[in-house]
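Notes to accompany the following structure.
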Amino acid sequence: MHKILFGFAVICLVFANFANAQKIELTVDASKSGSKIDRNIFGQFAEHLGNGVYEGIWVGRDSKIPNTRGIRNDVVNALKAIKVPNVRYPGGCFADEYHWRKGIGAKRAVTLNPNWGGVIEPNTFGTHEYLDFLDQIGSEAFLSVNVGSGTPQEAAEWFEYLTTDQPTDLAKERAANGRSAPYKIAYLGIGNESWDCGGNLSADSYLTELKKYSRFVRNFNPAQQKNDKMLNIAVGPGGGEPRFVEWTETIMKGWKSRGWSWDMQGLSLHSYTVVNWEDKHKSVGFGEKEYAQILKKTLEMEGLIDQHAAIMDKYDPQKKIALVVDEWGAWYAPLPGSNPGFLYQQNSQRDAVLAALNINIFARRADRVRMANIAQMINVLQAMILTDKEKMVLTPTYYVFKMYVPFQDAIFVPVNFAAGTYTHGDITLPRVDAVAAKDKNGKLWLEITNVDPNREVEIDLKAIGMTVKSAVGETLTAPKVDSVNSFEKPNAVTPKPISARAQGGRLILKLDPKSVTVVSVEQ
Ligand code: AHR
């Protein structure tokens, strides 16, 4: 009996080793190039929601937490390292109930935040604080104006206040509030989810509003008249259902027949990774089944983008209008004990893999997807950073964004590989994913995601147009699919160095299960 069991074990071992030893040939065609991977696809989103702004960014000037003009220094330093290109603000659903005047000046209005827990909104973080924060982290402004409960005039006055260099009353008020020079506002979001929390408008009604806001909300900053013009981003679809197909059709058709007096440069797309909105997955304390389910769901981003990009192509074959995925990421059940209105969740190795898969989907469509904003930056949904009073934790998703920094504004380079498969139960997914790009110095970068949580993968790397000598970079993996960085163990999931040298003309990279790896390819 023992002999039989032993024999069976040996067979299993041989089989397992054979399976583990399977190589995936990956060829980077360095002689070819595609579109620029716009750094804006690594954008962030900060809404007045839960502890995203208050505590996450703003602690106030009198706080014991080290801060610069009320903005916490630890968070600023962490964000500087991932080179955040833009931060969408102040919402979200919050934006369509936001009245900017309540958030300027010495005396701030105390209001409510009815969307998110019905808590007090002290308005101590407003226009000037947001723009100071952007200056501190070196990022650009993406302001969403209130279409739902505001007026074009209110939004127009906000932009006069922000951008004119003429001595108008609003400019004088701005100067009295501490800023004499006009601000640069790079992106204007015209409403948010106007088909839902932003006012439940029909596509036609929204198109009417879009035309008005696009016409009247002007950017007067002299430095933004010829170059660096502000880009208008219209509300786009939130899914693939017929009502969203109609939405994209209506806005794009309206744009196609526009006159001189209005324009837009971007159409937004919102898509969260949620399997069941009524019974959301947990963000920690889950197993392989939930890992596979969530990753299967997240890959639907690909089809969704292609569906709406095809409609955009009909009206805009030159791809003048960017598809702006300005809300994406995993939306899980709130952590037990937290305010459900605060959307506070943990962030695991599963989220690192999820982030990489989405970034790669955007990068492969870089001609159309030129901006994206993960939801949300701090303490909300798939966050980069979690804070608890003076403590701060960087999440696995943060490290993915950090590893991808070389891809910002790099030129897409095609990669060929047979992905293989990873199967769990009735779910089968591509086993690996990869993208490559050349940075402005001509250096070649390669990202490879090993989706399989059980098997390492051997990448047999070849490059057309260059002799590969070595690959050097970082890899992020973790003991379990739900491994997280906690306040007690903040460094449980952090990137480790990885390198390989070519031998006999071949370069083999061994990648851990459930890992995200970024290497530079050296010749
Ligand atoms: O990110 C949280 C919310 O999700 C945003 O406020 C809203 O736009 C979306 O429905």
Side-chain angles (χ1 to χ4, degrees), residues 43-54 56-57 86-98 112-119 121 125 130 142-150 187-201 206 209 233-241 243-244 247 266-278 280-281 283 297-298 301 304 323-335 338-345 347 351 354-355 358 371-386 395 397:
Q44 299 286 332
F45 175 32
E47 178 165 13
H48 283 244
L49 194 177
N51 295 320
V53 167
Y54 299 109
I57 300 173
N86 71 83
V87 182
R88 182 170 179 254
Y89 172 86
C93 298
F94 182 84
D96 279 300
E97 293 187 66
Y98 185 61
L112 287 175
N113 189 336
N115 278 294
W116 305 118
V119 294
E121 167 55 61
F125 190 91
Y130 162 68
F142 177 1
L143 273 179
S144 290
V145 292
N146 181 342
V147 171
S149 66
Y187 308 101
L188 162 67
I190 301 181
N192 170 74
E193 298 191 355
S194 303
W195 30 261
D196 190 31
C197 71
N200 273 298
L201 304 182
Y206 175 72
E209 296 302 320
I233 297 163
V235 169
E241 304 95 284
R243 69 179 177 127
F244 290 124
W247 190 279
L267 181 75
S268 88
L269 169 70
H270 288 185
S271 177
Y272 286 98
T273 301
V274 184
V275 174
N276 180 355
W277 282 97
E278 307 311 318
K280 297 192 193 75
H281 277 57
S283 58
K297 189 74 193 169
T298 214
M301 177 67 89
L304 189 63
L323 187 60
V324 176
V325 190
D326 57 6
E327 285 188 32
W328 70 273
W331 188 321
Y332 302 124
L335 276 188
S338 66
N339 181 335
F342 282 14
L343 311 186
Y344 180 62
Q345 63 191 44
N347 192 298
D351 297 304
L354 182 154
N358 279 278
M371 195 157 166
N373 299 76
I374 189 166
Q376 297 193 7
M377 190 162 60
I378 307 162
N379 290 332
V380 178
L381 300 177
Q382 191 174 345
M384 304 294 114
I385 295 174
L386 302 176
T395 65
T397 302

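Note that ligands are numbered from 1 as they come in the structure, with each ligand's atoms numbered from 1 the same way.
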### Summary
Of all heavy-atom pairs linking Y89 and H48, the shortest is OH-NE2, 2.6 Å
### Query
If you measure only the distance, is there a donor-acceptor pair under 3.5 Å linking the side chains of N192 and S144?
no
With the criterion set at N/O pairs under 3.5 Å, what does the list of contacts between the protein and ligand 1 look like, atom names and distances included?
unit_1	atom_1	unit_2	atom_2	d
ligand 1	1 (O)	Y272	OH	2.7
ligand 1	1 (O)	Q376	NE2	2.9
ligand 1	4 (O)	Y272	OH	3.4
ligand 1	4 (O)	E327	OE1	3.2
ligand 1	6 (O)	E47	OE1	2.7
ligand 1	6 (O)	E47	OE2	3.1
ligand 1	6 (O)	C93	N	2.9
ligand 1	8 (O)	N192	OD1	3.3
ligand 1	8 (O)	N192	ND2	3.0
ligand 1	8 (O)	E193	OE2	3.4
ligand 1	8 (O)	E327	OE1	3.1
ligand 1	8 (O)	E327	OE2	2.7
ligand 1	10 (O)	E193	OE1	2.8
ligand 1	10 (O)	E193	OE2	3.2

### Message
Using modelled atom types and a 3.5 Å cut-off, is there a donor and acceptor pairing between side-chain atoms of Q382 and backbone atoms of D351?
### Response
yes
### Task
Say whether, by atom type as modelled, one donor and one acceptor occur between the side chain of Q345 and the main chain of A330 under 3.5 angstrom.
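Such a contact is found between Q345 side chain and A330 backbone.
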### Task
Flag the pair I190 / Y206 as yes when at least one side-chain heavy-atom distance between them is below 4.5 Å, and no otherwise.
yes
#### Entry: Distance in Å, L343 CG paired with W116 CH2, rounded so as to fall on 0.5 Å steps
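Going from the CG atom of L343 to the CH2 atom of W116 covers 5.0 Å.
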